[in-house]
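All remarks here apply to the structure that follows.
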Protein chains: 2
Amino acid sequence: MGTTQLDAVQEPKYWHLKSVLSDALDSEFAVGEILPNERDLAARFGVARATLRQALDQLELEGRLQRRRGVGTTVAPPRIGVPVGSGQHTWPDEQELWEPVSVSLESAPAAIARMLGTDGGEKVHTVRRIRARGGQTVAAQLLYVPARSVPGVDGDDVAAARVVRELGRHDMAGQDRTVELGSARAEDARELDRLPGAPVLVVTTRYTDAGRTVAVSVDTYRADTCRLTFSDDGSLLAG
Amino acid sequence: MGTTQLDAVQEPKYWHLKSVLSDALDSEFAVGEILPNERDLAARFGVARATLRQALDQLELEGRLQRRRGVGTTVAPPRIGVPVGSGQHTWPDEQELWEPVSVSLESAPAAIARMLGTDGGEKVHTVRRIRARGGQTVAAQLLYVPARSVPGVDGDDVAAARVVRELGRHDMAGQDRTVELGSARAEDARELDRLPGAPVLVVTTRYTDAGRTVAVSVDTYRADTCRLTFSDDGSLLAG
DNA sequence: TAGTGGTCTAGACCACTCA
DNA sequence: GAGTGGTCTAGACCACTAG
């Protein structure tokens, strides 16, 4: 005959564990507080460490936890609202949000070259910048500016700020923007203080002037700590 | 003395594995093609199955692979561009994108009630809808409409379409929108044909009319198959 | 040097799909 | 019923942080 029914719907352990921990986080822990270490937690819940880690992985993905090797696991603060703009007011140098790190002049990766129309292999200024907010680096950017978009810039040894300034001469009429999930490449991970492969939100923007694409930026935001905000009118409401 | 230097930078196995698989995906596999099963792949690369799975997990997160229990792992098509709008042209019923599933009249969750200003516990029409694109359900929505926003709707037994239609009477003047990473709740997962906990992009929109919040929607998009697109002018460029 | 999270192994069993 | 991906275990060692 067997058990009549309703044996519980076979919810995976790590899923149930996540709920329990999530509730505990709400009621028993303050932001910044350190959790017991993984071995202890696993023992306390009577599961293998790998199973516990599955639950912690999810909570970290949702921005509830923050883990640092050699240190421990802490309760994360609410995500930071990061204005990504939406209206005409946004261009690559809006409000000095981005701090230049480096520049180079090279051919763009295939996917970018296609957007820029530089498939022929024309050289592109590749500006690397970072964006901080709340005392933390929240995003790493690669800004691709074809040489033809900034005729005022010449020579090989160019400052990042110079390229950006020259780019500002354009009437940035419109822009297309996409947001998707990605995982941090080694280089970005280093700048975001995360491990390679960490989940990130990738914002790709194509800046156009009179129908022509004058620049493309690929912005990599920490997905654990950031909430991208858009708004319709002038008043940017961050959170 | 030890080995001089350059012992390879201690790149984790699964990370290297991911690169190798990623390259193979580009050069040797067509979209939709089935990969060897996990046990075979692990053996072929000389790693434990768990390690191989770490690499596959990442590739799936990036939308390169699609895995289905009982079936196998296939090469995923490029992500679908899903217009999420940006300009004034967007309101909850734009272009009949959303198909109603159900409605109920209840108190909103705390976080939503705060945005709506219904902290007192006023009843809110909760409309559940789904959005399809390319023959696939790409998003599940919860649309919260306070009873006061749709005075034309009365009684307990209300059709979802009715609520949405009445809501359309408002001048949706502006809207704030946020995008963040989340994991699919059981209910959403079912509708998106994913497992609970699958990574999703959560788009939260607050619709306002003359400064007052008249509705809030929480849209849960599949992160593996979707690329959210925004644009500045009338012409929505999807991809 | 002690303690933390990150990686890795070699197994086992389960839930699901499909012929 | 055979084959797939999903869950889980009980270990081990490594990389990193901090006292």
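Protein chains get the first letters and strands the later ones, always in sequence-line order, with residue 1 at the start of each.
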Starting at atom [atom1] of [X], determine the distance to atom [atom2] of [N], rounded to an integer number of angstrom.
{"X": "Leu56(B)", "N": "dT7(C)", "atom1": "CG", "atom2": "C1'", "result": "16 Å"}
{"X": "Glu11(A)", "N": "dG6(D)", "atom1": "CD", "atom2": "P", "result": "18 Å"}
{"X": "Gln66(B)", "N": "dT4(D)", "atom1": "CD", "atom2": "P", "result": "18 Å"}
{"X": "Gln58(B)", "N": "dG6(C)", "atom1": "CD", "atom2": "P", "result": "13 Å"}
{"X": "Arg53(A)", "N": "dA10(D)", "atom1": "CZ", "atom2": "P", "result": "17 Å"}
{"X": "Glu38(B)", "N": "dT9(C)", "atom1": "CD", "atom2": "C1'", "result": "16 Å"}
{"X": "Asn37(A)", "N": "dA18(D)", "atom1": "CG", "atom2": "C1'", "result": "16 Å"}
{"X": "Leu17(B)", "N": "dC8(C)", "atom1": "CG", "atom2": "P", "result": "9 Å"}

Q) Out of curiosity, Asp57(A) CG to Tyr14(A) OH, how far, rounded to the nearest 0.5 Å? A) 10.5 Å

Under 4.0 Å between a side-chain N or O of [X] and OP1 or OP2 of [N]?
{"X": "Thr73(B)", "N": "dT4(D)", "value": "no"}
{"X": "Thr51(A)", "N": "dT7(D)", "value": "no"}
{"X": "Tyr14(A)", "N": "dC8(D)", "value": "no"}

Q: Spell out, as yes or no, whether a donor-acceptor pair under 3.5 Å connects the side chain of Glu33(B) to the backbone of Ala30(B).
A: yes

Q: Side-chain contact test, heavy atoms from C-beta onward, threshold under 4.5 Å: evaluate it for Arg114(B) versus Asp119(B) and give yes or no.
A: yes

Q) Are side-chain heavy atoms of Pro199(A) and Leu61(A) found at a separation under 4.5 Å? A) yes

Q: Map Ala48(A) and Leu35(B) onto DNA chain D by nearest heavy atom, then report which one ends up closer to the 5' terminus.
A: Leu35(B)

(Q) Checking base pairs now: Watson-Crick or wobble, both atom distances under 3.5 Å. What partners dG19(D)? (A) none

Q | Residues Glu62(B), Lys18(B): salt bridge by 4.0 Å N-O rule | A | yes

Q: Heavy atoms only: give me the nearest Glu38(A)-Leu52(A) pair and the separation to one decimal.
A: O-CD2, 3.2 Å

Q. How are the rings of Trp98(A) and Tyr221(A) set to each other: parallel, tilted or perpendicular (split at 30° and 60°)?
A. perpendicular

Q) What nucleotide, of dG5(C), dA12(C), dC8(C), holds the atom closest to the side chain of Arg49(B)? A) dA12(C)

N/O-N/O pairs, protein side and nucleotides 14-18 of chain C side, under 3.5 Å:
{"from": "dA15(C)", "atom 1": "OP1", "to": "Gln10(A)", "atom 2": "NE2", "distance (Å)": "2.5"}
{"from": "dA15(C)", "atom 1": "O4'", "to": "Arg69(B)", "atom 2": "NH1", "distance (Å)": "3.3"}

